[in-house]
Amino acid sequence: MPPGFRLHNTRSRKLEEFTPLQPGKIGLYVCGMTVYDRAHVGHARAMVVFDTFVRYLRHRGWEVTFVRNFTDVDDKIIRKAAEEGIEASALAEREIQAFHRDVDAMGLARPDIEPRVTTSIDQIVALIATIIERGHAYAADGNVWFDVKSFESYGQLSGQKVDELRSADPDAGKRESADFALWKAAKPGEPAWDSPWGQGRPGWHIECSAMAGTELGATIDIHGGGLDLVFPHHENEVAQSEAGHGCRYVNYWMHNGLLTMAAGVKMGKSLGNVVNIEDVLKTFPAETLRLYYLQNHYRSPLPWNDEALPEALGMLSRLYEARDIAETMRGEETPEKIAEALGADAIKVLQLGRAFEEQLYTALDEDFNTSKALANLLSLARAVNRLGSHKKAKRRAGPLVAPALAAFELVGRTMGLMTTPTQDFLEEVKDKRLASMGVSRAEVERLVADREAQREAKAWAEADKIRDELLAMSIIVMDGPQGSRWKVRLEAADAQA
RNA sequence: GGCCUGGUGGCCAAGUGGUAAGGCAGAGCUCUGCAAAAGCUCUAUUCGUUGGUUCGAUUCCGACCCAGGCCUCCA
């Protein structure tokens with residue numbers, strides 16, 4: 001039996017000890033995208049959070065079944081397809097492919113199952129029929145509405161009371177304005193499927209209930225999604241599933257916080273302030289985004305601004321450099337003996353390195369506190385860098401940094417950071433940033449080489465002149481014992497992708 | 001109007017009934033031909049305001065102020 005952990009459950013708004021339905025197993029359902037447009041960095045946060053959560057649980061020995069759906073038919077898809085003059089299914093297919101490209105580029109594991117609405121119609125129809133049978137829904141004019149008043153605990157998840165909801169436009173045929181569609185009658189030209197209530201398509205909420213039920217059973221361990229889905233989407237899922245299956249739908253509700261723009265306004269397609277994943281990845285390595293998200297607790301709102309990504313990239317680079325330093329250290333003695341010779345800095349690296357794994361578990365087992373885990377990682381990296389400044393370290397400290405290297409590897413496995421060789425990472429940064437600025441790499445390298453030649457000749461004025469030229473191109477050169485390295489300066493404006 | 005979050009140093013941010021992680025920015029220093037990078041040191045007697053509980057609260061409770069989310073599609 002894997003070790004336990006605690007999670008904040010949206011329903012109770014408290015931290016709860018996690019108890020699985022079956023020992024050692026976790027069924028996780030996360031609401032996926034409605035595929036009518038590219039995924040943005042808000043979606044990416046949810047994806048990274050749950051990807052990391054799954055990685056971690058698996059690392060700890062849990063057998064996780066991870067399901068994330070695609071909503072591939074809905075009003076927006078139909079409308080956008082009509083605008084583009086293509087079939088709704090073609091639009092959805094195109095966007096699913098784009099989504100998969102984004103997911104792969106982000107280094108996210110695919111869920112075990114990615115059900116789609118359009119291939120789950122049978123289950124959806126069957127579930128709706130059961131809900132009607134049990135007296136919790138009614139058909140009217142080819143639509144099927146969920147009867148909110150018939151379901152006593154409606155509103156429990158979100159703390160809403162039916163009578164106090166600000167009422168939407170009462171749809172024709174609805175008994176209560178809070179009643180919501182399980183099945184929508186087809187309008188001419190829309191994608192439609194046969195059903196006992198006539199041609200039509202599923203409502204937005206029912207799909208998740210049906211697909212989660214099919215893939216994970218009537219009760220699922222953990223259901224995740226963005227905080228903005230709590231009401232009405234998840235509330236309605238609860239009502240449908242519990243009305244249909246007669247048992248609890250979800251044991252633990254896990255909601256990630258939203259990205260906010262300046263002034264705390266959230267990012268959303270409807271607000272027109274979204275930044276797409278594919279655009280960000282043109283200028284920043286994917287791990288930059290990961291680090292940025294994981295730096296904050298998953299439930300907090302996360303500000304998106306111009307400094308965020310450059311700052312995260314700076315941190316990430318420092319982590320890579322620390323690993324690089326650690327990797328080049330050699331030595332044969334016992335860690336204790338070297339530590340004695342090298343002093344306090346060495347002892348600290350050893351201690352932090354050895355304590356890291358346990359600290360990571362402690363942090364992540366308490367409501368998945370990646371922020372805390374990363375603070376520990378940064379401390380470890382700093383200790384390694386400090387040790388690297390000792391003259392004897394390179395030759396002798398290898399055994400001392402072995403625990404640190406193991407820690408970095410663990411971070412890669414669980415949090416998806418530091419997963420590429422350092423050189424590859426640095427090259428990727430250069431390539432992406434040069435490309436985004438339209439600067440030629442050959443030109444940069446030629447100037448750097450020229451400057452090195454001038455430095456060889458101790459022609460400092462010439463060398464400095466070239467350095468200024470490079471700086472004007474946002475290239476920073478760093479002289480070291482093995483020659484000059486260079487990198488692209490991070491500027492806040494670049495975050496705008 | 002109803003429901004729900006959150007207010008921690010210049011900025012972002014974790015956290016705890018016993019006296020404030022981490023990051024960025026800033027200052028000084030080491031290193032360097034000069035720089036850069038990296039490292040070191042420093043930077044909140046204080047955690048929105050105000051009552052209360054307590055030996056003790058930033059942490060628990062109440063009130064208030066402020067910001068934001070949801071109640072319509074949204075990760």
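Numbered from 1 within each chain, the chains take letters A, B, ... in sequence-line order.
In terms of position along RNA chain B, the nucleotide closest to A:A463 lies nearer the 5' end than the nucleotide closest to the other residue of the pair A:A463 and A:A381.
Note on A:G480: nothing from the nucleic acid sits closer than 4.0 angstrom, heavy atoms only. Among the atoms of the strands shown, only primed sugar atoms or phosphate atoms (P, OP1, OP2) are found under 4.0 Å from some heavy atom of A:S300. When heavy atoms are screened at a 4.0 angstrom cut-off, A:V230 is found touching no nucleic acid atom at all. Across all strands shown, A:H297 has heavy atoms under 4.0 Å from sugar-phosphate atoms exclusively, and none from any base. Looking at heavy-atom distances under 4.0 Å, A:L227 makes no contact with the nucleic acid at all. Base contact: A:R451 has a heavy atom under 4.0 Å from a base atom. No engagement by A:R299 is indicated, since no non-hydrogen atom pair under 4.0 Å with the nucleic acid exists.
A salt bridge is defined here as a Lys NZ or Arg NE, NH1 or NH2 lying under 4.0 Å from an Asp or Glu carboxylate O, and A:R38 with A:E95 meets this definition. Between A:K465 and A:D468 there is no salt bridge, since none of the side-chain N atoms of the basic residue sits less than 4.0 Å from a carboxylate O of the acidic one. Ion pair A:E287/A:R290 not flagged as a salt bridge, since none of the NZ, NE, NH1 or NH2 atoms sits closer than 4.0 Å to an Asp/Glu carboxylate oxygen.
Remark: A:N385 is in phosphate contact with B:rG39, judged by side-chain N or O atoms under 4.0 Å from OP1 or OP2. Contact annotation: A:R318 side-chain N/O to B:rG39 OP1/OP2 distance is under 4.0 Å. Under 4.0 angstrom from either OP1 or OP2 of B:rA36 there lies no side-chain N or O belonging to A:R455.
Ranking B:rA36, B:rA13, B:rG23 by closeness to the A:Q295 side chain, first place goes to B:rG23. For A:F231, taking side-chain heavy atoms from C-beta onward, the closest of the listed nucleotides B:rA75, B:rA36, B:rC71 is B:rC71. Relative to the side chain of A:S371, the nucleotides B:rG22, B:rA14, B:rC71 differ in distance, and B:rA14 lies closest. In the set B:rA37, B:rA75, B:rG23, B:rG23 carries the atom at the smallest distance from any side-chain atom of A:E311. Of all nucleotides listed (B:rA14, B:rG69, B:rG23), B:rA14 comes nearest to the side chain of A:K372. The side chain of A:C31 has B:rA75 as its nearest neighbour among B:rA75, B:rG2, B:rA13.
Base-pair partner of B:rU43: not found among the strands shown (Watson-Crick or G-U wobble, both distances under 3.5 Å). Checking B:rC31 for Watson-Crick or G-U wobble geometry (two distances, each under 3.5 Å) identifies no partner in any strand. Of all nucleotides present, none satisfies the Watson-Crick or G-U wobble test against B:rA20 with each distance under 3.5 Å. With a cut-off of 3.5 Å on both Watson-Crick or G-U wobble distances, the partner of B:rU53 is given as none. When Watson-Crick and G-U wobble pairs are counted only if both distances are under 3.5 Å, B:rU5 pairs with B:rA67. For B:rU59, there is no paired nucleotide, since no Watson-Crick or G-U wobble pair has both relevant distances below 3.5 Å.
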N/O to N/O distances under 3.5 Å, protein versus nucleotides 57-62 of chain B:
none

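Across the P atoms, B:rU45 and B:rG2 are found 38 Å apart, a figure rounded to whole Å. On the C1' atoms, B:rG62 is 35 Å away from B:rU72, given to the nearest whole Å. Nucleotides B:rA37 and B:rG26 place their P atoms 10 Å apart, quoted to the nearest Å. Separation of the C1' atoms belonging to B:rC29 and B:rA35 is 16 Å when rounded to the nearest angstrom.
Taking the ring centre of A:W486 as origin, the terminal cationic atom of A:K430 falls inside the region bounded by 6.0 Å and 45° from the ring axis. Cation-pi geometry between A:R45 and A:Y298 is not satisfied (NZ or CZ under 6.0 Å from the ring centre, within 45° of the ring normal).
Judged purely by atom type and a 3.5 angstrom limit, A:R451 has no side-chain atom pairing as donor or acceptor with the backbone of A:V477. Side chain of A:N296 to backbone of A:L302: no donor-acceptor contact under 3.5 angstrom is found.
Using a 4.5 Å heavy-atom cutoff, the side chains of A:M106 and A:I277 are in contact.
With hydrogens and angles ignored, no donor-acceptor pair closer than 3.5 Å exists between the side chain of A:N369 and the base of B:rG15. For A:N296 against B:rC12, no side-chain N or O and base N or O form a donor-acceptor pair under 3.5 Å. At a cut-off of 3.5 angstrom, the base of B:rA75 holds no donor-acceptor pair with the side chain of A:R45. For B:rG39, its base never sits under 3.5 Å from the side chain of A:R382 at any donor and acceptor pair. Below the 3.5 angstrom threshold, one finds no donor paired with an acceptor across the side chain of A:R13 and the base of B:rC4.
A:F99 has its ring centre less than 6.0 Å from the ring centre of A:F70.
Straight-line distance from the CG atom of A:L377 to the P atom of B:rG23: 11 Å, rounded to whole Å.
Taking A:F180 as the reference, A:F146, A:H205 meet the ring pair (Phe, Tyr, Trp, His ring centres under 6.0 Å) condition, with sequence neighbours excluded.
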